[in-house]
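A short worksheet on the structure shown next.
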Amino acid sequence: MPSPLTIATWNINSVRLRLDQVLRFLLEQHPDVLCLQETKCPDDLFPRGAFAKAGYGYQAIAGIKGYNGVAILSRRPITPCEKRDMCGKPDARHIAATIGQGADAIRIHNFYVPAGGDLPDPEANPKFAHKLAFVEELQRFSETTRRNDPRAILVGDLNIAPLEHDVWSHKQLLDVVSHTPVETRGLTEAISAGEWVDAMRVLKPEPEKVYSWWSYRSPDWDKADKGRRLDHVWLGRALGDTLHSGQILRETRGWERPSDHVPVMVTLDLG
DNA sequence: ATGGTGGTTAGACCA
């Protein structure tokens, strides 16, 4: 098992449209593993060759036409494992792979939680009901993983900013999907159920503001800085002590034709 | 202020 191990997560909002940006990120930051969300790319059209040429020849992908889609790219050997159909839907919102072997093996789970639509009412908005059901399933998954796989890592675009300082204005976002009490409580319960370590918040505790997403609809995103922390890295209870450092690549939001999310990176020292 | 912008894919749908 390599030590240190760097894992990144990035909602790229179309892997084909932003292929050059992903390659630039890999060249500049060379993480060992990159987990992507919103690839929006069927498996037979995924740019496997371009990533292999960049040194990321080990790949686990799960894509459908048009929406969602997740992938794990690695420059060290990985073994793809189960893809979960969350909420019973084959909609490419989870993929997992194992890095390392035997007692040192680490299983990486990459999730893309539904955004949930605009109206935070599960009765009136089926997309919000889907999101809440997904989070409940994430709680059950966390409980099982805590018991069976304490060396797991869970990353992804969870589309929820759980803490007060994960958003630019706690009060103004309490009724905005991504920061409503039912969502933030749900995600906090998933963390508890899994005894997960919220890696970026260990490194940057509250009340520091930490964001990984800025809306496309906000002009002058940098100056206004109305961000939210939607992208997360959770370490299983056996890996919490290995956390070495982390980084949020805010500058990629300023690249030409950017994703609205930026990469979140964590480095573990596995001794 | 119920707009605003962006991606996929061909008229909406999703974020």
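Here is how names work: the chains are called A, B, and so on, in the same order as the sequence lines, proteins then strands, and each is numbered from 1.
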Is there a side-chain contact between A/Arg16 and A/Lys40 (heavy atoms, below 4.5 Å)?
no
In this structure, how many angstroms lie between the C1' atom of B/dG6 and the CH2 atom of A/Trp255, rounded?
18 Å
Sub-3.5 Å donor-acceptor pair from the side chain of A/Arg146 to the main-chain atoms of A/Ala193, do we have one?
yes
P atom, B/dA1 versus B/dA12: distance in rounded Å?
31 Å
Relative to the 5' end of DNA chain B, which residue comes earlier, A/Ser218 or A/Ser14, by the nucleotide with the nearest heavy atom?
A/Ser218
Which residues satisfy the side-chain hydrogen bond (donor to acceptor under 3.5 Å, both in side chains) test with A/His165, sequence neighbours excluded?
A/Lys209
Would you measure the distance from the C1' atom in B/dA10 across to the matching atom in B/dC14 and give it in whole Å?
15 Å
Residues passing the salt bridge (Lys or Arg N to Asp or Glu O under 4.0 Å) test with A/Asp225, sequence neighbours excluded, are A/Arg250
Separation of A/Lys226 atom NZ from B/dT5 atom P, in whole Å?
15 Å
Could you run down the sub-3.5 Å N/O contacts of the protein with nucleotides 13-15 of chain B?
unit_1: B/dA15; atom_1: N6; unit_2: A/Arg217; atom_2: NH2; d: 2.4
unit_1: B/dA15; atom_1: N1; unit_2: A/Arg217; atom_2: NH2; d: 3.0

For A/Ala103, enumerate each residue passing the side-chain contact (heavy atoms from CB on, under 4.5 Å) test, keeping only those at least two apart in sequence or located in another chain.
none
Please report the interatomic distance NE2(A/His179) to CZ(A/Arg229), rounded to the nearest 0.5 Å.
11.0 Å
Using a cut-off of strictly less than 4.0 Å, decide whether A/Arg257 has a side-chain nitrogen or oxygen near OP1 or OP2 of B/dT5.
no
Any salt bridge (charged side-chain N to carboxylate O under 4.0 Å, His left out) pairs touching residues 169-184 of chain A, not counting sequence neighbours?
A/Lys131-A/Glu183
Starting at the 5' end of DNA chain B, what dot-bracket string do you get if Watson-Crick and G-U pairs under 3.5 Å are bracketed, crossing pairs use [ ], other-strand pairs use | and unpaired bases use dots?
....((((...))))
What is the distance, to the nearest angstrom, from the CG atom on A/Asp118 to the P atom on B/dG3?
11 Å
Name the one of A/Val22, A/Asn110, A/Ile72 that satisfies side chain to side chain contact (heavy atoms under 4.5 Å, CB included) with A/Leu34?
A/Val22
Rounded distance in Å - CZ (A/Arg18) to C1' (B/dT8):
12 Å
Tell me whether A/Asp32 contacts the main-chain N or O of A/Thr6 through its side chain, where contact means a donor paired with an acceptor under 3.5 Å.
yes
Using whole Å, what does the distance between atom C1' of nucleotide B/dG6 and atom CD of A/Glu256 come to?
14 Å
Suppose you measure atom C1' in B/dA15 against the same atom in B/dG4; what distance do you get, rounded to whole Å?
13 Å
